[in-house]
2 protein chains.
Amino acid sequence: MNAEGRPASPPLTERQEARRRRILHASAQLAGRGGFEAVQMREVAEAAGVALGTLYRYFPSKIHLLVATMQDQLQHLHTTLRKRPPAAEDPAERVAETLMRAFRALQREPQLADAMVRALTFADRSVSPEVDTVSRLTTAIILDAMGAEHPTPEQLSAVRVIEHTWHSALITWLSGRASIAQVKIDIETVCRLIDLTAPEVTATP
Amino acid sequence: MNAEGRPASPPLTERQEARRRRILHASAQLAGRGGFEAVQMREVAEAAGVALGTLYRYFPSKIHLLVATMQDQLQHLHTTLRKRPPAAEDPAERVAETLMRAFRALQREPQLADAMVRALTFADRSVSPEVDTVSRLTTAIILDAMGAEHPTPEQLSAVRVIEHTWHSALITWLSGRASIAQVKIDIETVCRLIDLTAPEVTATP
DNA sequence: ATCAAGTCTGTAACTTGTTCTAGATTAGCG
DNA sequence: CGCTAATCTAGAACAAGTTACAGACTTGAT
């Protein structure tokens with residue numbers, strides 16, 4: 001893996017790197033209006049100034065493309081968060097604050113969020129490596145917020161559950177079945193698991 | 001809503017009810033082999049002995065069809081569970097046991113599970129009512145297991161988070177990114193929230 | 001039993017993701 | 001530079017979800 005979290009397969013030439021970037025930009029742009037369905041492969045190709053076949057060489061399916069788009073956006077988020085880490089005392093609160101900040105970022109581009117999250121959860125086994133990368137990024141963000149450098153297995157379980165809740169809550173919000181307030185409550189609720197698994201409390205007397 | 005949890009719009013004639021049943025059966029059958037992609041609308045129509053246009057009159061999209069299929073299966077599960085309720089003392093354990101039982105049922109037909117769960121999380125706003133019905137069914141199953149007849153808002157939040165975890169954990173399992181053991185751990189972890197929100201402990205001294 | 005309204009059938013057409021192909025361009029190398 | 005393999009382009013073709021439509025069949029009311 002290189003620094004960007006992509007498999008470090010054959011290194012790309014400059015023009016190829018530029019093409020890849022144009023494609024991801026076009027993808028995010030189109031997703032930003034119309035959401036998942038507005039990201040049409042022919043349109044992405046045209047907007048990126050690339051032939052359809054080339055688009056498919058870079059991203060073997062629409063889902064791959066959108067998951068890569070999500071990777072890209074998460075990277076931004078992660079560096080932004082590192083600059084202004086959450087302030088609260090309690091680890092659980094810090095994680096909740098971090099996720100709510102991410103949530104507010106998504107609210108600014110709900111259509112983009114729709115495209116990315118739907119792709120992420122719809123992905124089948126052929127996209128597992130890429131989805132896994134997104135998952136690891138998310139885990140890193142949460143562990144950062146917790147301030148847990150050497151998490152216990154128990155803490156990792158809690159983080160996994162928090163991620164589950166995060167994704168699923170996003171989906172219910174995106175499909176209009178849950179309000180923003182409800183997502184907030186769900187996040188805060190699940191973050192309580194962190195206190196429950198803090199090593200100071202349960203392991204070291 | 002009628003007893004089956006579907007909107008009680010125009011009552012169906014006997015032949016229509018039979019058609020609907022044939023369609024759902026064909027859907028489950030095809031999903032049972034090949035999963036999501038094997039449920040092809042033309043094939044469902046043919047297997048159900050129904051014209052394509054008729055299939056679309058009954059279920060306005062493939063997603064609607066698969067979500068309805070899930071409703072159907074959940075109904076079965078619910079009645080099965082009611083007959084043999086979980087035995088454990090602790091509400092959290094009962095819920096975990098119930099979900100693990102459901103999980104084992106899904107493991108017997110992983111392809112069917114794939115089709116149903118992928119459809120459920122991919123569904124957009126146009127399927128919200130149907131997805132919501134599935135969600136209410138799931139909630140009912142969990143509350144049954146908890147034995148909470150008059151759940152507090154806090155308990156409902158916990159149940160919501162458990163549902164989130166349940167769906168998302170299923171997805172990671174289906175896409176091969178988590179083992180069965182890990183799903184078990186995630187379920188057990190999130191079920192700890194139930195103890196945390198039990199009214200006996202936090203509200204009535 | 002008859003009629004009007006609503007359903008169902010069979011089939012073609014349309015849309016968008018995906019694959020394929022033949023020829024042009026580019027990259028890396030001697 | 002000149003060659004070769006890889007890559008890119010343009011466009012056709014294919015697959016599956018969805019829509020449209022004309023004609024046959026059911027249903028329910030009279």
Side-chain angles (χ1 to χ4, degrees), chain A residues 9-24 26-27 30-31 33-69 114-116 118-120 122-127 130, chain B residues 9-24 26-27 30-31 33-69 114-116 118-120 122-127 130:
Chain A
S9 10
L12 301 181
T13 71
E14 211 166 303
R15 302 184 58 192
Q16 287 176 321
E17 195 55 59
R19 266 191 211 103
R20 184 172 196 281
R21 206 119 289 292
R22 285 205 308 277
I23 293 173
L24 285 175
S27 167
L30 286 169
R33 324 199 215 307
F36 185 87
E37 1 190 282
V39 182
Q40 303 195 352
M41 297 306 267
R42 285 172 241 259
E43 295 214 22
V44 173
E46 187 178 5
V50 127
L52 190 56
T54 305
L55 172 53
Y56 273 96
R57 169 183 284 271
Y58 280 73
F59 300 97
S61 78
K62 173 170 173 172
I63 301 291
H64 281 86
L65 171 58
L66 284 172
V67 171
T69 304
D114 171 77
M116 297 189 308
R118 298 255 300 283
L120 196 70
F122 188 63
D124 66 3
R125 303 179 102 87
S126 71
V127 204
E130 289 79 4
Chain B
S9 9
L12 300 181
T13 71
E14 211 165 302
R15 303 184 58 192
Q16 288 175 320
E17 195 55 60
R19 267 190 210 105
R20 184 172 195 283
R21 208 119 287 295
R22 287 205 308 279
I23 292 173
L24 286 176
S27 167
L30 287 169
R33 327 200 212 307
F36 185 86
E37 2 191 282
V39 181
Q40 304 194 352
M41 299 303 268
R42 287 172 240 260
E43 294 214 22
V44 172
E46 187 179 6
V50 128
L52 190 56
T54 305
L55 172 52
Y56 273 95
R57 168 183 283 272
Y58 280 74
F59 302 97
S61 77
K62 174 169 172 171
I63 301 291
H64 281 86
L65 171 58
L66 284 171
V67 171
T69 304
D114 172 77
M116 296 189 306
R118 298 256 300 283
L120 196 68
F122 188 62
D124 66 4
R125 303 179 101 88
S126 72
V127 204
E130 288 80 2

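Below, chains carry the letters A, B, ... as their sequence lines are ordered, and counting in each starts from 1.
- The main-chain N or O of A:F36 is found under 3.5 Å from a side-chain atom of A:K62 such that the two form a donor-acceptor pair.
- Atoms CZ (B:R20) and P (C:dT7) sit 16 Å apart, rounded to a whole Å.
- The distance from atom CD of A:E14 to atom P of D:dT7 is 18 Å, rounded to the nearest whole Å.
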Name every donor-acceptor pair, under 3.5 Å, that has one atom in a side chain of residues 50-61 of chain A and the other anywhere in the protein, sequence neighbours excluded.
unit_1: A:S61; atom_1: OG; unit_2: A:I63; atom_2: N; d: 3.3
unit_1: A:S61; atom_1: OG; unit_2: A:H64; atom_2: N; d: 3.1
unit_1: A:S61; atom_1: OG; unit_2: A:H64; atom_2: ND1; d: 2.8

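- Contact between the side-chain N/O atoms of A:Q16 and the OP1/OP2 oxygens of C:dT26 is not found at any separation under 4.0 Å.
- Interatomic distance, A:M41 CE to A:I23 CD1, rounded to the nearest 0.5 Å: 8.5 Å.
- When every heavy atom of A:L66 is checked against every heavy atom of A:A119, the shortest pair comes out as CB-CB, 3.4 Å.
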Candidate pair B:D124 and A:R118, rule side chain to side chain contact (heavy atoms under 4.5 Å, CB included), full reasoning: CA-CA 9 Å; B:D124 66 4; A:R118 298 255 300 283; 3.8 Å; yes

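- B:A47 and B:A26 make their closest contact through CB-CB, 3.8 Å (heavy atoms, listed as atom of the first residue, atom of the second, distance).
- Annotation: proximity of residues 47-62 of chain B to DNA chain C (heavy atom, distance under 4.0 Å) is found for B:G49, B:V50, B:A51, B:T54, B:R57, B:Y58, numbered in ascending order.
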Polar atoms only, N or O, under 3.5 Å: list the protein pairs with nucleotides 22-29 of chain D and their distances.
unit_1: D:dT26; atom_1: O3'; unit_2: B:R15; atom_2: NH1; d: 3.4

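- Rounding to whole angstrom units, CD of residue B:E43 and P of D:dA15 are separated by 13 Å.
- One can place CD of A:E17 at 17 Å from C1' of D:dC8, the figure rounded to the nearest angstrom.
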Pair B:Q16-B:R19, side chain to side chain contact (heavy atoms under 4.5 Å, CB included): steps then yes or no: CA-CA 5 Å; B:Q16 288 175 320; B:R19 267 190 210 105; 3.7 Å; yes

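- Taking each heavy atom of A:V39 and A:S27 in turn, the nearest pair found is CG2-O, 4.0 Å.
- A heavy atom closer than 4.0 Å to some atom of DNA chain D occurs in B:V39, B:Q40, B:M41, B:R42, these being the qualifying members of residues 33-42 of chain B.
- The minimum heavy-atom distance linking A:R22 with A:A48 is given by the pair NE-O, 2.7 Å.
- The distance between atom CZ of B:R19 and atom C1' of C:dC8, rounded to the nearest whole Å, is 6 Å.
- In this structure, A:T69 contributes its side chain and A:L65 its backbone to a donor-acceptor pair below 3.5 Å.
- Between the C1' atom of D:dG17 and the CZ atom of B:F122 lies a distance of 12 Å, rounded to the nearest Å.
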